[in-house]
Amino acid sequence: MPVEKFDVVVVGTGAGGGTAMKMLCEAGLRVCAINSGPRLEPAKDYRLHRQVYDLKYRGFGDPLRLQGKAHQEPYSVEESEYSEGHDLFEHDVAYSNAPGTDWYWKRCKATGGKANFWGRSSARFGDIDFKAADLDGFGENWPVDYAEIAPWFSKAERYMGVASTAQNRLSNPDGDYLPPIPWRCIDYIIQKGAEKIGVPYLPDRCAQLTVAHNGHPACHYCGNCTRGCDVGAFFSPTWFTIPDAEATKNLTLLTNALVRCVLVDENGLAKGVAYVDRGTKREVEIYAQVVVLAASCLETAHIMLNSKSRHWPSGIANSSGQLGRNLCDHLYGGPGFGYLPQLLGQPATPDNIADSTVAWMPRWQNLRNPREEKFIRGYSVYVGGGCGEFPGYYDQIEGFGSEYKRNIKRYYPTPIGALIQAPSLPSPTNFVDTDPVKKDIFGIPQLRFHFQWGENELLMWEHSKQMMIDLFKAMGGEMWGADSEPNRPGTSLHETGVCRFGANPKTSVTNKWAQTHDVPNLYICDASIFPSPTDKTTTMPIVAFAMRSCDYMLGNFRKGVHRRV
Ligand SMILES: Cc1cc2nc3c(=O)[nH]c(=O)nc-3n(C[C@H](O)[C@H](O)[C@H](O)COP(=O)(O)OP(=O)(O)OC[C@H]3O[C@@H](n4cnc5c(N)ncnc54)[C@H](O)[C@@H]3O)c2cc1C
Ligand code: SF4
């Protein structure tokens with residue numbers, strides 16, 4: 001049988017993989033994109049405008065739906081009865097936690113990945129992040145500086161459509177923005193209180209279209225974004241990169257194809273990938289001149305660790321021993337929630353945009369002096385509230401029956417709650433490897449997590465709780481409480497670091513172009529290359545760095561470093 005060979009194989013069709021296949025297809029390369037789950041169909045899978053009382057299981061989904069699955073833990077908000085049309089989330093591929101680790105690995109296996117349901121916060125990283133090691137002496141700098149990456153942030157923002165304002169702050173450089181999302185009543189009250197305690201409260205950078213943009217319609221503020229947008233008014237691969245790549249006719253998209261490993265030739269270079277066809281459970285090989293891994297941070301490391309050969313006995317491109325190392329995450333948790341009595345009895349205004357990251361408190365700690373606080377680096381905070389469709393504060397009010405319902409209504413426009421986003425620091429004890437014994441149902445060794453929160457992020461957590469006490473006082477609010485402990489590691493979905501990039505092949509997996517040091521025709525387009533997290537989210541930077549890496553790769557095709565089929 002003649003074997004079809006592609007110029008490039010891209011593994012994953014999420015924020016990173018979608019960007020790669022768009023760039024490469026538009027440049028005329030023949031690309032095969034491989035996705036582990038089904039094709040997402042917005043009309044079926046984003047059933048966002050249903051009311052909970054219209055749903056058979058009141059939004060929680062069939063309690064027996066995961067029976068018999070290898071990984072039975074249901075995922076939080078994003079996996080609900082609203083998105084049960086297809087089997088969108090990964091429950092067949094089990095993972096394991098080392099003793100003492102409680103990592104929560106949420107995976108969307110449908111085309112487009114997690115950015116079908118993401119929160120859209122999209123701030124730029126700055127030199128305060130890239131050169132953090134120079135500033136506070138901890139860890140490694142990034143191999144790029146702001147001047148080098150800023151044009152790519154602009155390209156990503158202009159393509160995605162990011163709404164915000166110029167803010168002139170060290171920790172979140174300004175970008176190319178659409179008009180900001182209108183503020184809710186609560187935002188003005190919180191901003192006044194925050195001002196009194198010296199904390200910034202500003203419009204977030206949000207990849208949600210406040211005006212029509214690049215052929216995509218403006219948002220109509222239905223407030224259901226984390227169930228997927230049925231009109232495509234926020235950036236997602238489903239509405240943006242995948243149709244762009246398909247329009248070129250240069251794309252072959254394989255679905256329900258779970259990549260197990262990267263295949264190598266007699267010189268140890270990448271020659272394609274092997275995947276399991278979920279339908280037949282057969283293994284299939286696909287060949288290409290260049291392989292791009294964009295299966296999301298952790299799954300990319302999983303595939304590489306499972307790509308063992310005579311040339312790469314501990315996983316492909318792992319001569320540094322850094323593959324799987326430096327696992328970091330954002331510590332998430334609720335440092336304070338309560339309500340604003342001044343809004344009691346006020347009419348509910350239709351500001352049903354509470355599902356959006358409308359405003360945030362960008363990092364304000366250690367900006368001028370990196371050692372001003374007891375911790376190094378810094379965190380940011382989002383505050384939610386407003387007249388959302390569902391009273392998210394229901395579990396903060398005690399009671400039962402009609403009195404409970406009356407109370408829910410009484411408080412309706414007033415509650416607010418905060419979410420801290422605190423970066424962990426790289427640590428030699430936080431990493432992933434493959435379990436020596438446990439395999440998934442396809443016979444693939446499971447990814448195993450080793451992770452604990454460190455002292456630095458726990459100090460930020462304590463700091464944020466005190467800040468919330470001060471804030472509630474300053475804005476005349478009443479505090480109901482705070483989470484007793486942070487969320488489980490993995491909750492944020494902003495993990496970084498397991499294939500970090502750097503100039504030194506002895507201490508990093510890829511060079512600054514995300515091309516592996518050891519295997520020049522193997523590139524990575526996701527957050528696994530980021531050596532450390534920041535106080536900002538990862539997706540817009542994933543898109544920006546993927547654009548830059550693909551541009552570099554295309555240069556290599558032009559120069560003959562990589563040859564077309
Ligand atoms: C509710 C929610 C809120 C969020 N809020 C924000 C936010 O406000 N800001 C922000 O920046 N980020 C946010 N995120 C995180 C954001 O969605 C991710 O950072 C981003 O989507 C990651 O993109 P990715 O392409 O690296 O991975 P993914 O989106 O996970 O895509 C990976 C793709 O690879 C495929 N794949 C995986 N394994 C294999 C395999 N073995 N073989 C073949 N294909 C494979 C999957 O099917 C998937 O399509 C949020 C996420 C969620 C769910
Ligand atoms: S609020 Fe806007 S972006 Fe979100 S789902 Fe509704 S229309 Fe789409």
Side-chain angles (χ1 to χ4, degrees), residues 9-20 33-40 46 48-49 75-79 88-90 93 106-123 181 204-210 216-239 241-242 254-261 273 275-276 278 293-300 302-303 306 330 352-357 360 382 421 442 444 447 491-496 524-528 536-543 546:
V9 159
V10 177
V11 180
T13 62
T19 304
I34 306 187
N35 196 75
S36 61
R39 181 184 269 269
L40 187 140
Y46 298 158
L48 72 178
H49 291 302
Y75 302 141
S76 54
V77 278
E78 56 279 14
E79 185 182 32
L88 303 182
F89 296 88
E90 185 62 81
V93 178
K106 299 189 268 187
R107 291 157 290 168
C108 175
K109 68 180 181 190
T111 51
K114 298 188 288 277
N116 284 296
F117 307 104
W118 68 312
R120 309 163 309 286
S121 186
S122 300
I181 292 178
D204 191 15
R205 286 56 166 96
C206 190
Q208 188 163 332
L209 307 182
T210 46
H216 303 280
C219 167
H220 53 260
Y221 302 115
C222 69
N224 284 300
C225 314
T226 42
R227 296 175 194 156
C229 182
D230 60 348
V231 297
F234 69 72
F235 169 79
S236 73
T238 298
W239 288 107
T241 50
I242 297 175
L254 304 180
T255 53
N256 292 311
L258 179 77
V259 170
R260 178 179 64 82
C261 70
V273 298
Y275 71 83
V276 180
R278 287 198 197 234
L293 292 179
S296 87
C297 175
L298 293 159
E299 182 61 13
T300 286
H302 188 201
I303 293 169
N306 276 328
H330 274 149
N352 193 5
I353 49 171
D355 202 14
S356 309
T357 42
W360 70 327
Y382 300 100
Q421 182 161 275
F442 303 110
I444 303 171
L447 190 66
T491 301
S492 79
L493 297 167
H494 303 147
E495 64 280 354
T496 60
I524 296 177
C525 285
D526 55 40
S528 61
K536 277 87 61 182
T537 57
T538 46
T539 308
M540 188 280 286
I542 292 174
V543 172

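For ligands, and for the atoms within them, numbers begin at 1 and follow the listed sequence.
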*Which ligand 2 atoms does Y221 reach within 4.0 Å, using its non-hydrogen atoms?*
1 (S), 2 (Fe)
_So if I count the atoms of ligand 2 from 1 in the order they appear, which ones are less than 4.0 Å from some heavy atom of F234?_
3 (S)
Can you check whether [X] has an N/O within less than 3.5 Å of an N/O in ligand 1?
X    : value
I303 : no
G119 : yes
M540 : no

*Candidate pair T357 and T537, rule side-chain contact (heavy atoms from CB on, under 4.5 Å), full reasoning*: CA-CA 12 Å; T357 42; T537 57; over 6 Å; no
At what distance, to the nearest 0.5 angstrom, does [atom1] of [X] lie from [atom2] of [Y]?
X    : Y    : atom1 : atom2 : result
T255 : K109 : OG1   : NZ    : 11.0 Å
E299 : S36  : CD    : OG    : 7.0 Å
N35  : T111 : CG    : OG1   : 6.0 Å
F442 : R260 : CZ    : CZ    : 13.0 Å
I242 : T19  : CD1   : OG1   : 10.0 Å
K536 : S122 : NZ    : OG    : 13.0 Å

Which of the ligand 1 atoms, numbered from 1, are nearer than 4.0 Å to a heavy atom of [X]:
X    : answer
K109 : 47 (O)
G12  : 33 (C), 34 (O), 35 (C)
E299 : 37 (C), 38 (N), 39 (C), 40 (C), 41 (N)
A257 : 42 (N), 43 (C)
D526 : 26 (O)
T13  : 33 (C), 49 (O)
L258 : 40 (C), 41 (N), 42 (N)
I34  : 43 (C), 44 (N)

*Do any N/O/S atoms of H220 come under 2.8 Å of atom 6 (Fe) of ligand 2?*
no
When you measure from the side chain of [X] to the backbone of [Y], do you find a donor-acceptor pair of N or O atoms at a distance under 3.5 Å?
X    : Y    : result
D204 : C206 : no
W239 : C229 : yes
T13  : G112 : yes

*Look at the N, O or S atoms of C219, main chain and side chain alike, and state whether any lies under 2.8 Å from atom 2 (Fe) of ligand 2.*
yes
*Of the backbone atoms (N, CA, C, O) and the side-chain heavy atoms from C-beta on, which set of R260 has a member under 4.0 Å from an atom of ligand 1: side chain, backbone, both, or neither?*
neither
*Under 4.0 Å, heavy atoms only, figure out whether ligand 1 is touched by the backbone of C108, its side chain, both or neither.*
backbone
*asked:* Tell me every residue that passes salt bridge (Lys or Arg N to Asp or Glu O under 4.0 Å) with R278, counting only those two or more places apart in sequence or in another chain.
replied: E90, D92
Heavy-atom nearest option to [atom], drawn from [options]:
atom                    : options               : result
atom 6 (Fe) of ligand 2 : C222, G223, C225      : C222
atom 16 (C) of ligand 1 : T539, V93, T537       : T539
atom 51 (C) of ligand 1 : I524, L493, L254      : L493
atom 2 (C) of ligand 1  : W360, F442, F117      : F117
atom 9 (N) of ligand 1  : A110, S36, P38, S121  : S121
atom 27 (O) of ligand 1 : S296, P541, A15, S492 : S296

*Got a sec: is C229 within less than 2.8 Å of atom 4 (Fe) of ligand 2 via an N/O/S atom?*
no
_side-chain contact (heavy atoms from CB on, under 4.5 Å) partners for A294, two or more places apart_ = C525
*Under the side-chain contact (heavy atoms from CB on, under 4.5 Å) criterion, do V9 and I34 qualify, and how do the steps go?*
CA-CA 7 Å; V9 159; I34 306 187; 4.0 Å; yes
Any [X] heavy atom less than 4.0 Å to ligand 1:
X    : value
A527 : no
T357 : no
K536 : no

*Would a 4.5 Å heavy-atom cut-off, applied to side chains only, mark L88 and N116 as touching?*
no
*Would you please test L40 and Y46 for side-chain contact (heavy atoms from CB on, under 4.5 Å) and show each step?*
CA-CA 9 Å; L40 187 140; Y46 298 158; 3.5 Å; yes
*asked:* Pair R107, S296 - check side-chain contact (heavy atoms from CB on, under 4.5 Å), show working.
replied: CA-CA 9 Å; R107 291 157 290 168; S296 87; 5.7 Å; no
